Each structure stands twice: as structure tokens, then as C-alpha cells.
There are 2 protein chains.
Amino acid sequence: MARTQGSHSDITGPRVRAAALRLFASQGYAAVSMRKIASEVGLQVGALYNYTADKQSLLFDLMNEHLQALLEARANASANGDPMDRLQEFTAFHIRYHEERPDEVFIAYMELRNLSPENFVVIEKLRDRYEGELEAILSDGVRAGVFDLAEPKVSARAIISMLNGVTTWYRRGGRLSLDEVETVYWNMVRKAVSR
Amino acid sequence: MARTQGSHSDITGPRVRAAALRLFASQGYAAVSMRKIASEVGLQVGALYNYTADKQSLLFDLMNEHLQALLEARANASANGDPMDRLQEFTAFHIRYHEERPDEVFIAYMELRNLSPENFVVIEKLRDRYEGELEAILSDGVRAGVFDLAEPKVSARAIISMLNGVTTWYRRGGRLSLDEVETVYWNMVRKAVSR
DNA sequence: GTCTATATGCTGATAGAC
DNA sequence: GTCTATCAGCATATAGAC
């Protein structure tokens with residue numbers, strides 16, 4: 001009997017974060033009250049504070065965990081090899097990873113201004129690291145003479161903006177499959193960086 | 001003496017909208033109270049309701065006026081001629097027009113979810129019209145054999161997403177001039193659509 | 001046109017019973 | 001771990017004096 005009856009912290013904690021994620025994504029951080037989150041989980045407000053210090057921590061934790069997982073998922077990607085292959089791999093990865101996590105992605109770039117200044121610095125650093133991975137691919141390609149880009153850093157931002165757009169309109173079961181969408185975007189990215 | 005002394009509706013109205021615009025853009029619609037807007041203008045809350053029916057109308061009017069002006073500014077653009085020239089003109093126009101109105105642009109795509117359902121429909125239609133102008137250029141280019149795009153509609157969205165990204169990082173007085181930024185983006189757009 | 005005062009309800013967060 | 005009760009403050013919007 002290692003556990004008190006009625007102790008559900010191991011399951012309730014994730015449910016609180018899941019509810020906050022869904023509500024923040026659909027209504028925005030500022031428009032979601034702790035009461036709404038509690039009622040979504042089936043709790044009273046007070047109980048929420050067993051799982052988070054405050055509302056701000058809830059937002060920060062969601063964004064932080066998302067970006068940590070994103071970088072973790074990229075950890076296996078090769079940093080060597082043909083830049084064109086690496087770029088294709090990055091493009092496919094970005095589209096698929098983000099399509100599977102629309103709420104996390106939405107929050108990660110819509111709610112930056114609702115982070116406290118200290119939390120913002122942390123999140124911004126993680127975003128820069130991810131962007132830096134694409135920039136490295138582009139710079140390597142320019143050095144190798146495969147890509148023609150005057151400003152790899154600016155181009156990296158441009159490509160990520162373009163790819164992020166997918167999450168704003170793509171819906172499963174729509175006219176195009178994700179494979180088809182991936183092909184359309186990859187063709188544009190490939191040509192945009194080429195000589 | 002055509003005007004009562006102390007009557008400032010002609011000047012106060014625009015100041016209210018300007019304050020709302022600035023505050024909505026920097027803090028988000030839900031996080032900005034009518035009190036904050038009033039104090040920004042130098043009024044008490046009650047006086048605000050001489051200039052707007054409610055907070056929602058304030059948001060809708062800002063977005064509506066922005067999109068109407070955007071479409072108006074495009075009205076002179078030629079719908080004939082070389083698709084490549086028209087695309088370059090669109091790209092330059094979009095970057096410059098949006099760079100001059102960062103707050104309006106930010107609100108127009110960040111605060112869509114805070115519109116009432118009826119208002120959302122109106123705004124969405126205006127956005128579709130603008131997107132449709134780019135799509136028409138791309139489709140014409142595909143027909144003319146100048147562009148190679150399997151999905152002009154998807155490509156239009158991709159290009160607009162990419163161009164919109166400029167407003168999220170570009171700051172005047174930074175390392176690159178707007179001319180240079182425009183060149184970088186135009187080179188990528190041009191290559192992305194070409195055969 | 002602007003003010004003050006007010007109605008009514010929600011906010012984040014905490015205290016203490018169970 | 002969850003509940004109820006409560007705090008102090010702010011939300012949108014309106015009414016009526018000037």
C-alpha cells in the first residue's frame with residue numbers, strides 16, 4: 001500500500017496541463033481564468049494550486065516542455081552530409097512535428113508576450129537554438145556552393161515562417177494529404193535556396 | 001462659431017482608436033481593459049463609450065479599417081501584364097505596406113479569435129480577398145508557363161506567411177536596410193515559384 | 001462630452017476544514 | 001488532495017449630474 005487512496009496527483013497533474021494547453025490555445029492565455037481550467041478538469045479552483053505555483057508557471061511550463069521536446073526530437077539529426085538532404089529532412093520534420101502538436105505550436109508563438117520577462121528570455125533562447133539549426137544547414141550549403149543565399153540567418157527565419165503557416169490552415173481530412181502538402185512546401189523551399 | 005467649445009469628438013475619436021491599437025498590439029486584446037485605454041487617452045472610462053459601442057467594436061473597427069485600407073491600396077495594381085513583374089510588385093508592396101503598420105498587422109492575425117463569430121466572418125472574407133490577389137498572379141503565371149506550382153492556392157498562403165514573418169523581427173536601424181530585406185525575400189520568392 | 005458613482009460579476013490567490 | 005469560503009481588486013457597461 002504505497003499510495004493513499006484518493007491520491008491522484010500522478011494523473012491529475014497532466015490533466016491540468018492538458019486542459020490549460022487546450023484552453024490557452026483556443027482562447028488565449030489572458031482570456032482563460034483559473035476557474036475555467038479547474039472546471040475543465042472537474043476540480044475547484046483551490047485544488048489547481050497543488051499542481052502549479054501560479055497561472056504564469058502553467059504557461060511557462062507548457063512552452064518550455066514543448067521547446068525542450070522539439071530540440072530533443074532534433075537531437076538525432078545528422079549535422080553532416082549533403083546540405084540539400086539535411087534541408088529536406090528538416091522541412092519534413094518541421095511540418096510533421098508541428099502538425100501533430102497544433103496547440104503547443106500555437107501557444108509557443110502567440111503567447112510570448114504573456115511570459116514574464118525572465119521566462120521570456122529562457123523561451124527565446126530555446127527558439128533561437130532551433131532556428132540556429134536551420135541556419136547552420138543553410139550556411140553549410142552556401143559554403144558548399146549548393147545554395148545561393150545572401151543572408152542565411154534571414155532566410156532561415158523566412159523558411160520557418162513559411163513552414164509555420166501550414167498549421168494555420170491545414171486540417172486532416174481536407175483536400176490535400178499531409179504528404180501532398182509536404183511536397184508542395186519542399187518544392188518551394190528547395191527552389192528558393194538553390195542557385 | 002460652428003462648434004461648441006470643449007467638443008473634441010473629431011480629435012478624441014481617433015486618439016481612442018490609436019490608443020486601443022497600440023495597447024491591443026503590445027498586450028493583447030484580452031489583457032487590455034477599457035480603463036487602460038481611457039487612461040492612455042487621458043479620459044475616464046465612461047467617456048470612452050461616446051466613441052465606441054463596446055470593446056468588441058473597437059477591435060473589429062481596427063481590423064476592418066486596416067483590411068479595407070490594404071485592399072484599397074492594392075486597387076491600383078495591374079491585373080494584367082507579366083506575372084513575374086506583378087509578383088515582384090506584390091512582394092515589394094506587401095513588405096513595405098506591412099512594415100509601416102506593424103501594430104495593425106499584428107492585431108489582424110493575432111486577435112482573430114477574439115472577434116465575435118459575426119465579426120470574424122467579415123474579417124475572414126477580407127483576408128481571403130487579399131490572399132486571392134496573390135493566388136491570381138500565381139495561377140496566371142502557371143498558365144503562362146512562367147511559374148511551376150502544383151497548388152497556387154497553397155503557394156499563395158506559403159508566400160504570405162513567409163512575407164508576414166518580416167514584421168516579427170525587422171526593426172528600423174538594424175543591420176539590414178528594408179531595401180536589402182526586400183531583395184533577400186524577393187530572391188527567395190522568385191526562385192520558389194520559377195521552373 | 002466628460003465626469004463620478006454604481007451595478008454586477010469575475011479575477012488570481014490563500015486559509016483552513018475534512 | 002480537495003473542498004468551501006473569503007480577500008481585495010478589477011472587469012464591462014450604464015445612469016445621471018454638470
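Chain identifiers are assigned alphabetically (A, B, ...) following the order of the sequence lines, protein sequences preceding nucleic acid strands; residue numbering begins at 1 within each chain. Keep in mind that what you see is a predicted model, and the values were worked out from it rather than measured.
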Quiz item: How long is the line joining CG of Leu48(B) and P of dT14(D), in whole Å?
Solution: 13 Å

Nucleotide N/O to protein N/O under 3.5 Å, stretch nucleotides 12-17 of chain C:
| residue | atom | partner | partner atom | Å |
| --- | --- | --- | --- | --- |
| dG12(C) | OP1 | Lys55(A) | NZ | 3.2 |
| dG12(C) | OP2 | Met34(A) | N | 2.8 |
| dG12(C) | N7 | Arg35(A) | NH1 | 3.1 |
| dA13(C) | OP2 | Tyr49(A) | OH | 3.1 |
| dA13(C) | OP2 | Lys55(A) | N | 3.2 |

Exercise. Assess whether atom CZ of Arg15(B) is packed by more than 12 heavy atoms of other residues, nucleotides or ligands within 6.0 Å.
Key: no

Self-check item: Length of the CD1-C1' vector between Ile37(B) and dC10(D), whole Å
Solution: 15 Å

Just distance, no hydrogens or angles: give the donor-acceptor pairs under 3.5 Å from side chains in residues 57-71 of chain A, sequence neighbours left out.
| residue | atom | partner | partner atom | Å |
| --- | --- | --- | --- | --- |
| Ser57(A) | OG | Asp54(A) | OD1 | 2.7 |

Practice problem: Return yes if a side-chain donor-acceptor contact under 3.5 Å exists between Gln88(B) and Asp85(B), otherwise no. | Solution: no

Quiz item: Will you find, in the side chains of Asn119(B) and Ser116(B), an N or O donor that is under 3.5 Å from an N or O acceptor?
Solution: yes

Practice problem: May I have the distance from Ile11(B) (atom CD1) to dG1(C) (atom C1'), rounded to whole angstrom? | Solution: 15 Å

Quiz prompt | Side-chain donor-acceptor pair present, Tyr170(A), His98(A), cut-off under 3.5 Å | solution = no

Quiz item: Among side-chain atoms of Tyr185(B) and His94(B), is any donor-acceptor pair under 3.5 angstrom?
Solution: no

Quiz item: Under 4.0 Å between a side-chain N or O of Gln44(B) and OP1 or OP2 of dT2(C)?
Solution: no

Quiz prompt | Nucleotide dT2(C), atom C1' - distance to CG of Leu43(B) in whole Å | solution = 8 Å

Quiz prompt | Distance test, side-chain N/O of Tyr51(B) to OP1/OP2 of dG1(C), below 4.0 Å | solution = no

